[in-house]
2 protein chains.
Amino acid sequence: MDNSAFKILVVDDENDILEFIQYNLKKEGYDVYLAHNGQEAIDIGRKIKPDLILLDVMMPVMDGIEACKQMKFDPDFANTFIVFLTARSEEYSEIAGFQAGADDYISKPIKPRVLVTRLNAILRRKEKVQPDTKLTVGDIVIDREAFLVFRKGEKIQFARKEFELLFLLASKPGKVFTRDYILEKVWGDEVLVVDRTIDVHIRKIREKLGDEHIGTVKGVGYKFEA
Amino acid sequence: MDNSAFKILVVDDENDILEFIQYNLKKEGYDVYLAHNGQEAIDIGRKIKPDLILLDVMMPVMDGIEACKQMKFDPDFANTFIVFLTARSEEYSEIAGFQAGADDYISKPIKPRVLVTRLNAILRRKEKVQPDTKLTVGDIVIDREAFLVFRKGEKIQFARKEFELLFLLASKPGKVFTRDYILEKVWGDEVLVVDRTIDVHIRKIREKLGDEHIGTVKGVGYKFEA
DNA sequence: GTAAAGTTTACCAAATTGTTAAGTGCAATT
DNA sequence: AATTGCACTTAACAATTTGGTAAACTTTAC
């Protein structure tokens with residue numbers, strides 16, 4: 001199966017377990033990242049924006065429950081599933097874990113077959129149900145659901161076309177989008193507008209967001225810069 | 001199946017094994033290259049840019065783990081999958097291999113069926129996931145998507161025609177491109193420009209990239225040198 | 001040494017983008 | 001129903017960048 005698009009962050013304080021899980025998930029084609037405690041998980045997670053976090057409940061520095069609670073309030077983890085790893089005896093934790101916002105749990109000892117099957121199922125669910133609603137690039141957060149953009153927490157209002165255009169550019173930071181492509185994606189095939197219209201919208205986006213975020217590549221198009 | 005596009009570098013210190021694998025992979029249509037230790041693998045790999053490296057863990061001069069670690073930091077191997085060959089008992093190595101950045105492993109004794117199936121699966125994955133947007137030649141990285149060129153990590157801006165010309169030359173380092181061919185590819189059929197124009201653009205590219213990268217072959221044309 | 005091929009410079013024309021302003025139409029409000 | 005405000009589009013002009021050519025100069029091959 002081709003799981004290479006999915007990033008999974010595995011969090012456990014025991015290296016043996018980390019390695020064992022990493023080995024099994026890599027074999028399935030997932031991109032695997034590791035962390036040793038809750039704090040590390042949050043730090044790494046903010047950077048890589050994993051699709052799923054496998055989180056051990058019992059850990060030093062910051063336990064899984066606490067980490068989970070924090071992540072549930074963090075827009076960086078808006079699109080991340082959280083799955084707890086629990087020892088079989090930790091009945092209580094299973095409950096507390098769900099209260100903290102976890103999406104599933106897996107009991108130790110971990111059986112590779114079970115692990116992989118469960119994660120596949122969860123991620124397939126994600127693919128269908130959640131078409132990424134929040135986009136975070138650098139200090140900019142774009143919330144497609146609320147139609148809002150935040151820069152360093154400060155709310156900025158955008159008109160619809162401006163928003164769609166910005167969202168498109170920000171969906172692949174660094175990539176240059178040609179005017180033709182932009183017209184097709186933001187305006188659609190049947191609408192016909194002069195491509196210079198894009199320039200004017202770019203102007204407005206720059207006005208609100210700051211010049212440094214939108215780059216021009218002469219003769220090609222525009223791009224979002226992180 | 002037509003695997004002729006795929007280059008596989010097999011690395012093992014035992015000639016028997018090399019030949020056995022070579023025989024089985026050639027039968028599948030892969031381009032097979034051989035190396036006897038980690039150092040040799042890196043040297044050859046830099047030249048041929050294999051799609052996949054089959055790497056024995058235990059070797060003299062430089063073992064597989066060490067070689068793997070080095071390659072993972074080398075831009076020449078950015079598009080290369082690494083698969084370890086391990087003796088069945090080397091459980092530890094399998095794990096260490098993943099930490100070094102390997103993508104899969106295969107246990108000895110090697111069964112031809114397993115070998116071929118596994119490699120096919122991995123390479124199919126590669127084909128899907130990596131639409132080679134980045135071109136890496138020596139210390140130069142050309143990113144067609146972002147329309148950017150990097151030399152040793154330092155960003156260099158190119159005008160459109162310069163970029164297209166450079167990209168064409170760099171797409172086949174060492175190959176000499178005639179002016180006629182360049183005109184056709186970069187400018188197109190219907191545009192008519194004097195072929196001396198190319199010279200001027202070459203000048204500009206050399207200015208930004210350094211003289212050593214673009215070579216002249218008198219009476220024939222230009223080429224990119226790594 | 002000479003001719004052919006390649007390099008470099010400088011300048012101009014063309015193409016592309018930035019910016020402003022004004023017109024249009026829709027929707028909410030009065 | 002008229003008014004206002006907003007989003008969107010277009011046009012026009014300014015600013016900038018890029019591309020192309022010619023001509024002078026240098027190197028290379030014979």
Side-chain angles (χ1 to χ4, degrees), chain A residues 144 146-149 155-169 176-225, chain B residues 144 146-149 155-169 176-225:
Chain A
R144 206 172 201 310
F147 242 76
L148 281 176
V149 178
K155 193 195 291 180
I156 309 174
Q157 295 270 8
F158 281 86
R160 174 138 77 254
K161 281 281 183 309
E162 287 161 32
F163 186 90
E164 299 284 1
L165 176 49
L166 174 60
F167 191 82
L168 175 66
L169 296 184
V176 182
F177 293 82
T178 64
R179 287 191 177 67
D180 280 349
Y181 186 82
I182 292 172
L183 279 182
E184 195 192 310
K185 287 290 173 188
V186 177
W187 273 262
D189 321 324
E190 67 281 4
V191 182
L192 66 117
V193 279
V194 179
D195 64 354
R196 299 303 313 280
T197 301
I198 296 170
D199 301 23
V200 179
H201 285 287
I202 291 284
R203 172 80 192 29
K204 288 185 179 160
I205 294 173
R206 281 178 175 152
E207 217 165 49
K208 292 175 184 172
L209 211 60
D211 282 8
E212 69 278 13
H213 285 103
I214 311 273
T216 303
V217 179
K218 267 206 139 183
V220 189
Y222 294 101
K223 67 175 161 181
F224 187 95
E225 282 165 349
Chain B
R144 211 173 196 309
F147 257 83
L148 281 175
V149 178
K155 193 194 292 180
I156 309 174
Q157 296 269 11
F158 282 86
R160 196 173 167 210
K161 279 277 177 324
E162 288 162 31
F163 187 90
E164 300 284 3
L165 176 50
L166 173 59
F167 190 83
L168 175 66
L169 296 184
V176 183
F177 292 82
T178 65
R179 287 191 176 67
D180 280 349
Y181 186 81
I182 292 173
L183 278 182
E184 194 193 312
K185 285 290 174 190
V186 177
W187 272 263
D189 320 325
E190 67 281 8
V191 183
L192 65 116
V193 280
V194 179
D195 65 352
R196 310 316 311 292
T197 301
I198 296 171
D199 303 23
V200 179
H201 284 286
I202 291 284
R203 170 82 213 345
K204 287 183 180 161
I205 294 173
R206 280 177 175 153
E207 215 167 50
K208 291 176 184 171
L209 211 61
D211 283 6
E212 70 278 15
H213 286 103
I214 311 277
T216 303
V217 180
K218 262 204 138 182
V220 189
Y222 295 100
K223 68 174 166 180
F224 186 95
E225 284 166 347

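Chain letters run A, B, ... following the sequence lines, proteins first and then strands; every chain starts at 1. All figures in this text were calculated on a predicted structure; none of them were measured in a lab.
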Chemist: Once you round it to whole Å, what is the distance between C1' of D:dC8 and CD of A:Glu207?
Modeler: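 A:Glu207 atom CD is separated from D:dC8 atom C1' by 15 Å.
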Chemist: 5' to 3' on DNA chain C, which nucleotides open and close the contacts with chain A (atom under 4.0 Å from a heavy atom)?
Modeler: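 Taking any atom under 4.0 Å from a heavy atom of chain A, the span is C:dT16 to C:dT20.
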Chemist: To the nearest angstrom, how far is B:Arg203 atom CZ from D:dT18 atom P?
Modeler: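 Rounding to the nearest Å, CZ of B:Arg203 and P of D:dT18 are 16 Å apart.
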Chemist: Take the protein atom CG of B:Leu165 and the nucleotide atom P of D:dG19, then report the distance between them rounded to whole Å.
Modeler: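 That distance rounds to 11 Å.
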Chemist: Looking at B:Glu162 and B:Ile205, what are the two nearest heavy atoms and their distance?
Modeler: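 Distance-wise, the nearest heavy atoms are O-CD1, 3.5 Å.
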Chemist: Holding to ring pair (Phe, Tyr, Trp, His ring centres under 6.0 Å), I want the full list of residues that pass it with B:Phe158, two or more places apart in sequence or in another chain.
Modeler: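 Checked B:Phe158 against ring pair (Phe, Tyr, Trp, His ring centres under 6.0 Å); zero matches.
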Chemist: Return a single string for nucleotides 20-30 of chain D, one symbol per nucleotide in 5' to 3' order, where B is base contact, S is sugar-phosphate-only contact and - is none, cutoff 4.0 angstrom on heavy atoms.
Modeler: SB-----BB--
Chemist: Heavy-atom distance under 4.5 Å between the side chains of B:Ile202 and B:Leu169, does that happen here?
Modeler: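 Side-chain contact under 4.5 Å: yes.
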Chemist: What is the distance, rounded to the nearest whole Å, between atom CD1 of A:Ile202 and atom C1' of D:dA7?
Modeler: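 My rounded result for the distance is 17 Å.
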Chemist: Kindly give the heavy-atom pair with the smallest separation between B:Thr197 and B:Val193, and that separation in Å.
Modeler: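 That would be OG1-CB, 4.2 Å.
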Chemist: Got a second to check how far B:His201's NE2 is from B:Leu165's CG, nearest 0.5 Å?
Modeler: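 B:His201 NE2 to B:Leu165 CG: 7.5 Å, rounded to 0.5 Å.
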Chemist: To the nearest 0.5 angstrom, please state how far the CD atom of A:Glu184 sits from the OG1 atom of A:Thr178.
Modeler: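 Answer rounded to 0.5 Å: 9.0 Å.
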Chemist: Of the non-hydrogen atoms in A:Phe147 and A:Glu164, which two are nearest, and what is the gap between them?
Modeler: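 For A:Phe147 and A:Glu164, the tightest heavy-atom pair comes out as CZ-OE2, 4.2 Å.
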Chemist: Please tabulate, for side-chain N and O atoms in residues 212-224 of chain B, each donor-acceptor pair with protein atoms closer than 3.5 Å (sequence neighbours left out).
Modeler:
residue	atom	partner	partner atom	Å
B:His213	ND1	B:Leu209	O	3.3
B:Thr216	OG1	B:Arg206	NH2	2.6
B:Tyr222	OH	B:Arg179	NH2	3.1

Chemist: Just wondering, do A:Leu192 and A:Trp187 contact through their side chains at under 4.5 Å, heavy atoms?
Modeler: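 They are not in contact (no side-chain heavy atoms under 4.5 Å apart), so the answer is no.
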Chemist: Report the residues that fulfil ring pair (Phe, Tyr, Trp, His ring centres under 6.0 Å) with B:Phe177, sequence neighbours left out, ordered by chain and then residue number.
Modeler: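 For B:Phe177, the residues satisfying ring pair (Phe, Tyr, Trp, His ring centres under 6.0 Å) (neighbours in sequence not counted) are B:Tyr181.
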Chemist: Over all strands shown, is B:Tyr222 touching base, sugar-phosphate only, or nothing at heavy-atom distances under 4.0 angstrom?
Modeler: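 B:Tyr222: backbone/sugar contact only, no base atoms under 4.0 Å.
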Chemist: Please report, rounded to the nearest Å, how far the P atom of D:dC8 is from the CG atom of A:Leu183.
Modeler: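 For the pair A:Leu183 CG and D:dC8 P, the rounded distance is 14 Å.
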Chemist: Compute the bend angle of the helix from C:dG1-D:dC30 to C:dT30-D:dA1 from the end axes (five pairs per end), rounded to 10°.
Modeler: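 End-to-end axis angle: 20°.
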Chemist: To the closest 0.5 Å, what do you measure between CG (A:Leu168) and NZ (A:Lys185)?
Modeler: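 So the gap between those two atoms works out to 8.0 Å.
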Chemist: Find the distance A:Ile182:CD1 to D:dT9:C1' and express it as a whole number of Å.
Modeler: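 So the CD1-C1' distance, A:Ile182 to D:dT9, works out to 16 Å.
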